[in-house]
> 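Before anything else, here's the structure in question.
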There are 2 protein chains.
Amino acid sequence: MREFDLLRHVYRSNPALGAPVLIPPGDDMGMVSLHGPLVLAAVDQLVAGRHFTPDSTPPALVGRKAVTRSLSDIAAMAAVPVATLAAVVLPPVFGHDRATALFDAMRETAAAYGAPLIGGDIAVHHESHHPLVCAITVLAEPAGHPPVTRSGAKPGDVIYVTGTLGGSLNADGSGHHLTFEPRIELALELSNHLGTRLHAMLDISDGLGRDASHIAECSGIEIQLDAARIPCRAGINWRRAMSDGEDYELCFAATGDVPREINGVPITPVGEALAVGEGRRVRESRAAAVVAGPRVIVRDGGTAYAADDFGWQHES
Amino acid sequence: MREFDLLRHVYRSNPALGAPVLIPPGDDMGMVSLHGPLVLAAVDQLVAGRHFTPDSTPPALVGRKAVTRSLSDIAAMAAVPVATLAAVVLPPVFGHDRATALFDAMRETAAAYGAPLIGGDIAVHHESHHPLVCAITVLAEPAGHPPVTRSGAKPGDVIYVTGTLGGSLNADGSGHHLTFEPRIELALELSNHLGTRLHAMLDISDGLGRDASHIAECSGIEIQLDAARIPCRAGINWRRAMSDGEDYELCFAATGDVPREINGVPITPVGEALAVGEGRRVRESRAAAVVAGPRVIVRDGGTAYAADDFGWQHES
C-alpha cells in the first residue's frame with residue numbers, strides 16, 4: 001500500500017472533525033481551538049515485541065492500546081482531552097487490511113475519548129522483520145483548575161489507588177493491558193470533588209512501587225505503603241500487584257475525605273506520605289541489603305521492603 | 001543505561017525552561033502557555049535505514065534532523081514554534097554516549113528554534129538489530145494571522161520555491177538532508193510581507209513534483225511548472241531537483257509582488273496555478289502514457305511531463 005492512500009483513508013473517515021478542529025489532518029500541521037491559552041502534551045510509544053506480542057495481538061487492539069496509553073497521561077493530570085497525533089512505523093509486510101484495522105482503531109479510540117486525530121506520519125521499515133512502532137501524542141487542556149502534577153504530595157497525605165492492580169499481562173485472556181479504560185472521567189470527577197486537596201497524581205504504567213517513587217521523588221517526600229491494603233486482582237499477590245505494571249489505574253496523594261468509589265471504580269487508601277527521613281529507622285534496620293535511598297517502603301506485617309524497584313524498568 | 005537515568009539527564013540539562021513552560025518535562029504531561037487559544041501540532045518520524053544511514057551518521061546529526069524535520073512543518077504553516085516532544089525507540093546496543101549525544105542534539109536544536117522540549121518517551125527494542133526510531137512532535141501557534149494551509153491556491157497564482165533543490169542525499173558531504181535550516185523565520189517574514197496574498201504553502205520533503213501535487217489536490221487546482229526555472233543545486237538537473245526530496249525548502253502559491261530573496265535566501269517563481277482542465281490539452285497530447293489525472297505538469301521546452309510522481313513515494 002502507498003502511504004498517501006492509507007493517509008487518505010484515515011483522514012476521509014475521521015468522524016470527529018467537529019468545531020474545535022480548525023485545520024484537520026492532511027495539512028502540514030493540524031490546528032485545534034482551546035478554551036484558553038494553556039495546552040498540555042504527552043507522547044507514549046507502543047513497540048512490537050516490547051509492549052505487545054505482534055503475532056497474536058489483533059491490530060485493532062494494538063491501535064486501541066497505543067491511544068489509550070497516551071490518554072491515560074491525560075487522566076493522570078486530571079485534564080481534558082483535545083487532540084491526538086499518530087506516528088507509525090510499519091513493517092514492510094504488514095499489509096493493507098491490518099494497517100487499516102490499526103488506523104481505524106486509533107482514530108475511533110481517539111475520537112471516542114474526545115481527542116480526535118489531527119495529524120500523523122506513516123513510515124515503513126526497510127527490513128521485513130523490523131517491528132511495528134506507534135508513537136501517540138495527545139494534547140489536553142486544564143479542566144477549570146490547574147493540572148495535577150506529580151510534585152505536590154505533602155507529608156501526612158494519604159496515598160490512594162483506583163481499581164485493582166496486577167495481572168495486566170496474563171496470557172489467559174484476563175490481562176487488561178490491551179483493554180483498560182483510561183481513567184479520564186474518574187480523574188475529572190475526583191479533581192472536581194477534592195479541589196486543592198488533590199495534591200499529586202500519576203497513572204500506574206510501570207507498577208505501583210516504581211510509579212509511587214516518581215511521586216515521592218518529584219514531591220520531595222517518602223511513601224510508606226501497606227501491603228495488606230493494596231487492591232489486588234483475583235489470584236494476584238501484592239508483590240505482583242505492585243510490580244506487573246500496565247494497569248493504567250491512578251495513584252494519588254490527597255488530604256481529607258476521599259470517596260471510596262467513583263462511577264463504580266473502587267478508590268483504596270494504600271499508604272501515606274512521610275517527610276524524608278521519617279522512614280529512616282525502618283530502612284536502617286534492614287542494613288546493607290536495602291537499596292541506597294529508597295523513596296517507597298512497603299510494609300508486609302512486621303517486614304519493610306524498599307519498593308522503588310518493584311515495577312518495570314526499561315533497560316538497554 | 002536505564003531509561004530513567006537518561007530522562008533525568010535530558011530534563012536536568014534543558015536550558016530553555018523559560019516562562020511559557022508551566023510544567024516542564026518529567027511529569028505525565030508538559031504544559032506551555034500560548035498567546036491565545038489556538039494550537040497547531042505535527043509529528044514526523046526519522047527511522048534508521050530509511051531516513052539516515054545508522055552506521056555512518058553521527059547521533060548528534062540524527063537528533064538534529066529529527067527535530068528540524070518537524071520544525072519544517074511549522075515553517076510550512078508560517079507559524080511560531082512553541083514546544084517539542086521526543087519519542088525514541090533505541091536499539092538495545094545503542095550505548096549511553098550515543099544516546100546522550102542524540103538527546104542533547106534534540107534538546108538543543110528544539111531550544112534553538114524556540115520550541116523547548118516539554119516531554120518525551122524512551123523505549124528500547126527487544127532485538128539488537130532493530131532500528132533507531134525518533135518521532136518528534138512539535139507544537140506551534142499562529143503568528144498574528146491564520147496559518148498558511150495547502151488548500152488556498154487559486155488559478156492565476158504564481159508558484160514559488162525558496163532556496164535551491166536537489167542532491168540532498170549526496171554521499172560526498174554536499175547533501176543537506178542532515179544539516180538544512182528549517183525556514184521558520186523566512187516563512188514568518190514572507191507571511192508578514194504578503195499577508196492574505198500568500199495563498200498556500202508547504203515544505204518540500206518528498207520532492208517538488210509530489211509536494212506541489214499536494215497543494216494542487218488540496219486547493220482543487222492544477223499546477224504547471226517550467227523546468228528551466230527550477231532552482232537546482234550545482235550539478236543537479238531539474239529532474240533530480242524535483243524528485244530527490246528532503247530539501248525542506250518552501251513551495252508556495254501567491255499573487256502580486258513577491259520579494260526575490262529574504263535574508264539571503266532566493267525565492268524563485270517556478271510555475272503557475274491553473275484551473276482544473278486548463279492543462280488538459282497538454283496531457284491529452286501525451287496519450288495513454290500519462291498517468292490518469294496528473295495535478296502537476298512540468299514543461300521542458302516543447303515537452304510536458306506529468307510530475308505528480310516526481311518525488312519520493314513511500315511504498316510498502
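Since the model is a prediction, treat every value here as computed from it, not as a measurement. Letters go in sequence order (proteins before strands), and every chain restarts at 1.
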> For the aromatic rings, using the six-membered ring if either is Trp, is the centroid distance between B/H129 and A/H129 under 6.0 Å?
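Yes, close enough.
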> Ignoring hydrogens, what is the shortest heavy-atom contact between B/P131 and A/P131? Give both atom names and the distance.
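Smallest interatomic distance, heavy atoms only, reads CD-CD, 4.3 Å.
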> If you take all heavy atoms of B/A123 and A/H51, which pair is closest and at what distance?
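Smallest heavy-atom distance, with atoms named: CB-CE1, 4.2 Å.
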> Can you tell me which portion of B/V138 sits under 4.5 Å from chain A's heavy atoms? Options are side chain, backbone, both or neither.
both
> With a 4.5 angstrom heavy-atom cut-off, is it the side chain or the backbone of B/P146 that approaches chain A, or both, or neither?
neither
> Looking at B/G36, B/A76, B/A79, which makes the most heavy-atom pairs under 4.5 Å with chain A?
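If we count pairs closer than 4.5 Å to chain A, B/G36 comes out on top.
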> Which one, A/L38, A/V148, A/L40, leads in non-hydrogen pairs under 4.5 Å with chain B?
A/L40
> Could you have a look at A/A135, A/S151, A/A87 and say which one has the most heavy-atom pairs with chain B under 4.5 angstrom?
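Greatest number of close heavy-atom pairs with chain B: A/A87.
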> Using a 4.5 angstrom heavy-atom cutoff, name the option from A/R150, A/H35, A/H130 with the most pairs to chain B.
A/R150
> What's the spacing between A/L202 CG and B/D27 CG if we round to 0.5 Å?
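If we round to the nearest 0.5 Å, A/L202:CG and B/D27:CG are 8.0 Å apart.
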> To check you understand the geometry: which heavy-atom pair defines the closest contact between A/I118 and B/A41, and what is its length?
CD1-CB, 4.1 Å
> Need one label for B/I23: side chain, backbone, both or neither, based on atoms under 4.5 Å from any heavy atom in chain A.
side chain
> Side chain from CB out, backbone as N, CA, C, O: work out which of these in B/L46 comes under 4.5 Å of a heavy atom of chain A, or both, or neither.
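Neither; nothing under 4.5 Å.
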> Rounded to the nearest 0.5 Å, how far does CG of A/D28 lie from CE of B/M77?
6.0 Å
> May I ask you to test the A/P147-B/M29 pair for a side-chain heavy-atom distance under 4.5 Å?
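When only atoms from C-beta onward are counted, B/M29 and A/P147 do not touch, as no gap falls below 4.5 Å.
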> Once rounded to the nearest 0.5 Å, what's the spacing between atom CG of B/L139 and atom OG1 of A/T137?
8.5 Å
> Hey, is NE2 on B/H126 packed in by over 12 heavy atoms from elsewhere, all under 6.0 Å?
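Yes - once you tally the heavy atoms of other residues, nucleotides and ligands closer than 6.0 Å, there are more than 12.
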> Heavy-atom cut-off 4.5 Å, strictly under: side chain, backbone, both or neither for B/A48 against chain A?
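Interface part for B/A48: backbone (N, CA, C, O).
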> Mind listing the closest non-hydrogen atom pair of B/V47 and A/H125 along with its distance?
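That closest heavy-atom pairing would be CG1-ND1, 3.7 Å.
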> Could you look at B/A86 and say if it's the side chain, the backbone, both or neither that has a heavy atom under 4.5 Å from chain A?
backbone
> Does a side-chain heavy-atom distance below 4.5 Å link A/L34 with B/L34?
yes
> How long is the gap from CD on A/E127 to CZ on B/R50, to the nearest 0.5 Å?
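The CD atom of A/E127 sits 10.5 Å away from the CZ atom of B/R50.
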